[in-house]
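Given the structure is predicted, the values throughout are model-derived calculations rather than measurements.
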Amino acid sequence: MSTGVIFSAVTALGLIRLPDVYTRTHAASKSSTLGVMGILAGTFIHFWLIEDHFNPQLIIAIAFLFITSPVAGHLIGRASYMSGIPLAKETVRDDMKAAVEKKVDEKK
């Protein structure tokens with residue numbers, strides 16, 4: 001559970017400190033997923049080993065979170081890019097620019 005709390009704290013720090021929507025989305029989707037999964041796994045292990053209560057709903061919640069959170073973060077970042085939200089000035093490389101230009105050229 002402590003590992004989950006640490007990852008959640010890193011998420012909060014990333015959301016405050018990072019410069020643009022793309023890096024914030026990365027922090028929110030990756031480390032918060034690990035944080036919540038750590039807390040759920042700790043809860044599952046506690047109730048299974050200490051309280052002798054097996055709860056499969058926690059396993060399902062971990063699997064659901066593991067699948068949906070990174071996908072949602074990716075889609076939010078992609079929608080932001082397609083909406084024209086600018087990258088941070090510190091950004092070194094823009095891999096999406098070539099792909100978007102290629103798609104636009106294909107439509108013509």
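When all heavy atoms of Pro19 and Arg24 are compared, the pair lying nearest together is O-NH2, 3.8 Å. Minimum heavy-atom separation, Pro70 to Leu65: CD-O, 3.9 Å.
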Side-chain donor/acceptor pairs under 3.5 Å, residues 55-63, sequence neighbours excluded:
unit_1	atom_1	unit_2	atom_2	d
Asn55	OD1	Gln57	N	3.1

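How far OG of Ser8 is from CG of Leu13: 12.5 Å, rounded to the nearest 0.5 Å. Separation of atoms CD (Glu90) and CG (Leu18) is listed at 10.0 Å; rounding is to 0.5 Å.
When hydrophobic clusters are built by joining Ile, Leu, Val, Met, Phe, Trp and Tyr residues whose side-chain heavy atoms come closer than 4.5 Å, directly or via intermediates, Met82 is grouped together with Tyr22. Taking hydrophobic clusters as Ile, Leu, Val, Met, Phe, Trp and Tyr residues chained together by side-chain heavy-atom distances below 4.5 Å, Val36 does not share a cluster with Val5. Connection of Ile85 to Val100 is established within a shared hydrophobic cluster, with ILVMFWY side chains joined at heavy-atom distances below 4.5 Å, either directly or through further cluster members.
Among pairs with a residue in residues 28-50, those fulfilling ring-ring contact (aromatic ring centres under 6.0 Å, His included) read Phe44-Trp48, Phe44-Phe54, Trp48-Phe54, at least two apart in sequence or across chains.
Qualifying side-chain hydrogen bond (donor to acceptor under 3.5 Å, both in side chains) partners for Thr23, counting only residues two or more places apart in sequence or in other chains: Asp20. Listed by chain and residue number, Asp94 satisfy the side-chain hydrogen bond (donor to acceptor under 3.5 Å, both in side chains) test with Tyr81 (two or more places apart in sequence, or in another chain). With sequence neighbours left out, the salt bridge (Lys or Arg N to Asp or Glu O under 4.0 Å) criterion links Asp105 to no other residue. For Thr33, the side-chain hydrogen bond (donor to acceptor under 3.5 Å, both in side chains) partners two or more places apart in sequence, or in a different chain, are Ser69.
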Practice prompt. Tell me, with the steps shown, if Met1 and Ile45 meet side chain to side chain contact (heavy atoms under 4.5 Å, CB included).
Written response: CA-CA 10 Å; Met1 289 177 110; Ile45 291 169; over 6 Å; no
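Annotation for Phe7: atom CZ does not count as buried by contact number, only 12 or fewer foreign heavy atoms lying within 6.0 Å.
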